[in-house]
Amino acid sequence: RTGLAAAIGAHIGYINADGQVAAEDVVRIFEATRGALPNAVVKARRRNRPDGVIRAAISIVYNAIMPILFSGISARDINGNPKILPANVMRLMQLSSDDWFLEAEVMLKARYLRLPVVEVDVPSERRRGGRSHVRIGTVAEFLWNISVYRLGGPWRSWREQVAKVAASEAR
């Protein structure tokens with residue numbers, strides 16, 4: 001989040017450093033911002049992921065339950081990145097997650113702000129750097145964050161703040 005806060009430019013994006021998305025595909029995703037609707041979140045939708053069976057099952061279940069728990073999420077690969085969006089939108093989101101939930105937070109806030117989401121299909125490549133840190137604890141962390149957001153917490157206070165800003169701008 002420190003890097004996102006310091007970033008300058010019309011659009012801001014981020015990507016994991018594991019090499020699962022080719023540089024050419026990152027460029028394609030950025031180029032898609034030019035043709036997208038204003039304020040669109042443009043992101044990767046990873047195809048043919050070379051993950052193990054357990055990791056694939058976790059991803060399928062996660063991507064299936066999030067739209068049920070948070071109706072209106074319009075992405076098939078919630079955690080797919082890079083994600084690139086206008087800088088003013090990124091700042092309005094006031095991202096607060098310091099863990100795996102950052103991806104979901106972007107998507108939830110995009111849904112709340114009624115932003116278009118453009119998914120660009122990219123082949124998912126084998127991890128080139130490091131190893132996956134997804135473990136059973138990661139699943140527990142996601143379940144905790146989903147519960148916190150579902151019950152209010154930072155999600156509620158952010159929505160109230162955005163509503164106040166919108167009300168003051170309407171005056």
Side-chain angles (χ1 to χ4, degrees), residues 1-7 11-21 26 29 33 39-47 49 51-120 122 124 127 129-163 165:
R1 287 189 305 120
T2 301
L4 294 175
H11 285 81
I12 297 174
Y14 61 93
I15 186 170
N16 292 336
D18 57 10
Q20 289 187 302
V21 176
V26 175
I29 293 165
T33 64
N39 296 326
V41 175
V42 182
K43 61 178 286 307
R45 178 170 50 194
R46 300 164 292 178
R47 310 297 276 177
R49 293 177 61 184
D51 297 327
V53 175
I54 293 172
R55 177 81 182 266
I58 290 170
S59 291
I60 289 167
V61 170
Y62 174 71
N63 283 304
I65 65 167
M66 285 298 285
I68 293 167
L69 294 173
F70 300 98
S71 64
I73 289 182
S74 60
R76 291 185 157 189
D77 182 8
I78 292 167
N79 289 357
N81 67 59
K83 285 183 176 67
I84 302 173
L85 51 154
N88 63 324
V89 172
M90 179 73 78
R91 287 177 180 44
L92 178 62
M93 287 183 173
Q94 298 176 354
L95 300 172
S96 61
S97 296
D98 287 323
D99 55 23
W100 300 91
F101 201 69
L102 181 68
E103 303 290 348
E105 182 181 1
V106 169
M107 299 308 297
L108 289 168
K109 289 180 175 180
R111 176 190 58 97
Y112 180 79
L113 295 169
R114 296 188 171 123
L115 303 176
V117 175
V118 177
E119 288 190 294
V120 178
V122 300
S124 183
R127 178 182 298 277
R131 64 187 204 345
S132 175
H133 295 284
V134 174
R135 305 282 182 269
I136 193 67
T138 309
V139 174
E141 183 180 284
F142 264 111
L143 293 173
W144 171 257
N145 285 321
I146 288 168
S147 299
V148 167
Y149 259 69
R150 189 75 182 114
L151 298 173
W155 175 237
R156 181 181 301 130
S157 60
W158 175 79
R159 288 182 306 182
E160 289 169 356
Q161 187 176 16
V162 168
V165 169

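The analysis underlying the following values was restricted to heavy atoms, covering all of them including side chains, and did not include hydrogens, waters or symmetry mates.
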Task: Reference residue Val106; test side-chain contact (heavy atoms from CB on, under 4.5 Å); the match among Leu95, Val89, Ile78 - done: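 Answer to the side-chain contact (heavy atoms from CB on, under 4.5 Å) test with Val106 among Leu95, Val89, Ile78: Leu95.
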Non-neighbouring partners of [X] that pass side chain to side chain donor-acceptor pair (under 3.5 Å), sequence neighbours left out:
X: Arg1; value: Asp98
X: Asp99; value: Asn145
X: Ser96; value: Glu105

Taking all atoms of both residues into account, what is the closest heavy-atom pair of [X] and [Y], and its distance?
X: Val117; Y: Met107; value: CG1-CE, 3.8 Å
X: Pro86; Y: Asn39; value: CG-CA, 3.6 Å
X: Ala7; Y: Arg91; value: O-NH2, 2.6 Å

TODO: Return yes when atom CZ of Arg111 has more than 12 non-hydrogen atoms of other residues, nucleotides or ligands closer than 6.0 Å, and no otherwise.
DONE: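 Buried by this count: over 12 neighbours within 6.0 Å.
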Would you give the length of the straight line joining atom [atom1] of [X] to atom [atom2] of [Y], rounded to the nearest 0.5 angstrom?
X: Lys43; Y: Thr33; atom1: NZ; atom2: OG1; value: 15.0 Å
X: Leu108; Y: Ile146; atom1: CG; atom2: CD1; value: 9.0 Å
X: Lys109; Y: Leu92; atom1: NZ; atom2: CG; value: 9.0 Å
X: Arg46; Y: Asn79; atom1: CZ; atom2: CG; value: 6.0 Å
X: Arg76; Y: Ile60; atom1: CZ; atom2: CD1; value: 12.5 Å
X: Leu102; Y: Asn81; atom1: CG; atom2: CG; value: 9.0 Å

- [ ] Over 60° means perpendicular and under 30° means parallel, so classify the ring planes of Phe142 and Trp100, tilted if in between.
- [x] tilted
Open item on the list: Holding to ring-ring contact (aromatic ring centres under 6.0 Å, His included), I want the full list of residues that pass it with Phe70, two or more places apart in sequence or in another chain.
Closed with: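 For Phe70, no residue satisfies ring-ring contact (aromatic ring centres under 6.0 Å, His included) once neighbours in sequence are set aside.
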Open item on the list: Suppose we screen for ring-ring contact (aromatic ring centres under 6.0 Å, His included). Which residues come up paired with Phe101, at least two apart in sequence or across chains?
Closed with: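 If we apply the ring-ring contact (aromatic ring centres under 6.0 Å, His included) test to Phe101, skipping adjacent residues, the hits are Tyr149.
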Open item on the list: Going by ring pair (Phe, Tyr, Trp, His ring centres under 6.0 Å), name the pairs with one or both residues in residues 73-95, residues two or more places apart or in two chains.
Closed with: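 Sorted result for residues 73-95: empty, none.
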Task: Backbone N/O of Met93 and side chain of Trp158: donor-acceptor pair under 3.5 Å - done: yes
Task: side chain to side chain contact (heavy atoms under 4.5 Å, CB included) evaluation trace for Val162 with Gln94 - done: CA-CA 10 Å; Val162 168; Gln94 298 176 354; over 6 Å; no
